[in-house]
Amino acid sequence: MTPFSYLRAQSLQDAIAALAAEPGSRVIAGGTNLVDLMKYDVEAPRRLVDITRLPLHGVIPTDAGGLRIGALTPNSDLAYHPQAARDYPLLASAILAGASAQLRNAATTGGNLLQRTRCPYFYDVATACNKRAPGSGCSARTGINRNAAILGASEACVATHPSDMCVALAALEAIVHVEGPNGARALPIADLHRLPGDAPERDVTLDRGEIITAVELPSPRFGRHHSYLKLRDRLSYAFALVSVAAALEIAGGRVVTARLALGGVAHKPWRIREAEALLEGAAPSRAAFAEAADRLLQGAVGLGGNDFKIPLARRAIIRALTQAADGAPQSQSRKVIN
Amino acid sequence: MDQNDRRPGAELVPVTLVVNGETRRLEIEPAVTLLDLLRERLHLTGTKKGCDQGQCGACTVLVDGRRVNACLQLAVMRDGCDVVTIEGLGTPDDLHPMQAAFVARDAFQCGYCTPGQICSAVALVAEGQARTPDEIRELMSGNLCRCGAYSNIAAAIGDVMAGAAGAKEAAE
């Protein structure tokens, strides 16, 4: 690990000022991703700004009937929070599909949003990677690309976003609250993560010095018809090859509202409004689900090692929508896929 | 980084931890992980270094009662916390019920992952989220055992959970 100095922030303004004052500063909270990356010298901040003592904890009901989740809320506390688990079971399920109990205890809500890709070339400092070392090239494009993106990738980068939680947050249309040198602002989660384009070193749209303070969920609508289906190389404790967050409102035998997001396939949770719109007004059926899947996967391309993800994703979308429509969400402990 | 590799002129930060009930005051570099502090400074070598990247669970300890990977915790960030390691759970003459269950079920072979397995399992029971064998396995998935003692590990945890449930019923 490259030596660094340590600052324990006493206030949010303290932390924001520290980030602005020293460009080599990084925020640390749970540390489950950043400490790992620092051990590999993928990240080498000159200073760490520890925000864990700031009052950004807690899950609080909002006036709009939703929930405001403090950025420092551990993933496990959120997944097992009684109101969150009852009203947003899709989110709780996605969180429990990710990592391990130990990591979920340490990892925070804000940190989960900002975790970095697990592309093996990003982690291997001996190889070219435009995300780690801009301009050095992309080793994954022609290398081992089993985990690489099939949607929204660029010549410069084919990395995927590794989060499960963010896929559910995308489907639930969460709002991300941030605060920085220019004050506080809120943005839809769809606008937080970005596609790699020609600047893959930038995972998110945040400005320097901005800190995520909370994630807000709109009032709950998908308590009955939802499923988070995650497919990976082993039964547990592995990143998704493909994951699907599916949420439906059904009334009178018709889909009223549909929300559909994919994980493991792109640089950000992948959501296309037109795919959801195809379902709305239709009766739940395999044909309708397949049509939505094809729209969501429109433009998907493989790189060789990840070609299998395209048909896998199509089938996973249909399966997750079927589970959601049936009110039979995928269990995250009993791994049989019904 | 092990503390023995201390670099000349490196910043030292004071940190106070309560480890297995004993208050420990140290000065450390910010880069020292909780795992290295426990093993190299406090010589509590029951906590194992396996992958050192949060993938194997051999370093699992309880911080303020919650199980975490000590290899991914910067010790300076845990200033003021309560830490329990395998050495704090029981002794050879007075085993923790989970340790006794692991012995009774022969829930290990080489034993390297065992301290982490036991700390993790103790937390799993305290969390109260696992009820079925599938749930025990899922919530223990952060602890790898390359000898493959999983079935006996899950059985040992099930024994302790059944015992705890029985004790609770008896008390009610």
Side-chain angles (χ1 to χ4, degrees), chain A residues 1-9 28-42 44-53 74-77 79-80 85 92 96-107 111 118 123 232 234-239 331-336, chain B residues 1 5-7 9-13 15 28-34 36 51-57 59-74 76-80 116 119-121 123-124 127-144:
Chain A
M1 223 186 280
T2 304
F4 57 89
S5 64
Y6 171 78
L7 175 74
R8 187 174 297 153
I28 188 163
T32 54
N33 191 202
L34 183 55
V35 172
D36 191 31
L37 291 168
M38 288 167 66
K39 288 183 180 185
Y40 284 88
D41 279 328
V42 176
R46 285 205 287 273
R47 174 161 73 173
L48 287 185
V49 179
D50 174 2
I51 62 165
T52 54
R53 314 287 166 125
N75 291 171
S76 50
D77 288 16
Y80 295 127
L96 294 176
S100 67
Q102 289 96 313
L103 290 168
R104 292 192 294 267
N105 275 344
R118 265 52 172 206
Y123 261 77
R232 49 196 144 173
R234 57 186 186 193
L235 277 178
S236 183
Y237 200 16
F239 290 98
S331 165
Q332 301 305 348
S333 53
R334 188 168 177 274
K335 298 302 175 72
V336 175
Chain B
M1 186 199 67
D5 308 330
R6 186 175 300 166
R7 287 162 291 237
E11 176 192 12
L12 290 180
V13 190
V15 61
I28 58 168
E29 282 187 48
V32 173
T33 62
L34 179 58
D36 285 337
C51 68
D52 205 26
Q53 56 189 73
Q55 294 185 3
C56 78
C59 67
T60 302
V61 298
L62 309 179
V63 176
D64 289 343
R66 297 162 68 99
R67 50 176 160 161
V68 296
N69 305 98
C71 73
L72 294 180
Q73 297 281 320
L74 295 177
V76 64
M77 293 178 65
R78 301 279 78 91
D79 187 25
C119 285
S120 195
L124 177 145
E127 289 158 7
Q129 298 293 342
R131 288 166 297 274
T132 66
D134 279 339
E135 288 168 346
I136 293 174
R137 284 177 171 268
E138 174 60 25
L139 291 176
M140 285 297 291
S141 69
N143 292 85
L144 305 191

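So you know, we letter chains A, B, ... as the sequences are listed, proteins then strands, and number each from 1. Quick note: numbers below take in every heavy atom, side chains included, and nothing from hydrogens, waters or symmetry partners.
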Task: Nearest-0.5 Å distance, CD of residue B:Glu135 to CG of residue A:Leu96 - done: 10.0 Å
Task: Sub-4.5 Å side-chain heavy-atom contact between B:Arg137 and A:Leu235 - done: no
- [ ] Output the distance between atom CG (A:Leu103) and atom CG (B:Asn69), rounded to the nearest 0.5 Å.
- [x] 4.5 Å
TODO: Please state whether the side chain, the backbone, both or neither of A:Ala29 comes within less than 4.5 Å of a heavy atom of chain B.
DONE: backbone
TODO: Decide yes or no for B:Gln129 and A:Ser76: does some side-chain heavy atom of the first lie under 4.5 Å from some side-chain heavy atom of the second?
DONE: no
Task: Atom of B:Gln73, atom of A:Ala106 and distance for their closest heavy-atom approach - done: NE2-CB, 3.6 Å
- [ ] Could you look at A:Thr52 and say if it's the side chain, the backbone, both or neither that has a heavy atom under 4.5 Å from chain B?
- [x] side chain
Open item on the list: Given heavy-atom pairs under 4.5 angstrom as the criterion, report whether the side chain, backbone, both or neither of A:Ser331 touches chain B.
Closed with: neither
TODO: Answer yes or no: is there a side-chain heavy-atom contact under 4.5 Å between B:Leu74 and A:Leu48?
DONE: yes
Open item on the list: With chain B as the partner, which of A:Ile28, A:Leu34, A:Asn33 has the greatest number of non-hydrogen pairs under 4.5 Å?
Closed with: A:Ile28
- [ ] List the steps, then state whether side chain to side chain contact (heavy atoms under 4.5 Å, CB included) holds for A:Lys39 with B:Thr33.
- [x] CA-CA 11 Å; A:Lys39 288 183 180 185; B:Thr33 62; 4.0 Å; yes
TODO: With B:Glu138 as reference, evaluate A:Ser333, A:Ser100, A:Ser236 under the side-chain hydrogen bond (donor to acceptor under 3.5 Å, both in side chains) test and give the passing residue.
DONE: A:Ser236
- [ ] Working to the nearest 0.5 Å, report the span between CD of A:Gln102 and CG of B:Leu124.
- [x] 9.5 Å
- [ ] With a 4.5 angstrom heavy-atom cut-off, could you sort out which part of A:Arg334 is near chain B: side chain, backbone, both or neither?
- [x] both
- [ ] Please round to the nearest 0.5 Å and tell me the distance separating atom CE of B:Met77 and atom OH of A:Tyr6.
- [x] 6.0 Å
Task: Pairs of heavy atoms under 4.5 Å with chain A: top-ranked of B:Ile136, B:Leu144, B:Asp79 - done: B:Asp79
- [ ] Identify the heavy atoms of B:Gly142 and A:Tyr237 that sit nearest to each other, and give their distance.
- [x] CA-CE2, 3.5 Å
Task: Value rounded to 0.5 Å, distance of OG1 in A:Thr32 from CD in B:Gln53 - done: 13.0 Å
Open item on the list: Are B:Val63 and A:Asn105 packed together at the side-chain level, in the sense that at least one heavy-atom pair is separated by less than 4.5 angstrom?
Closed with: no
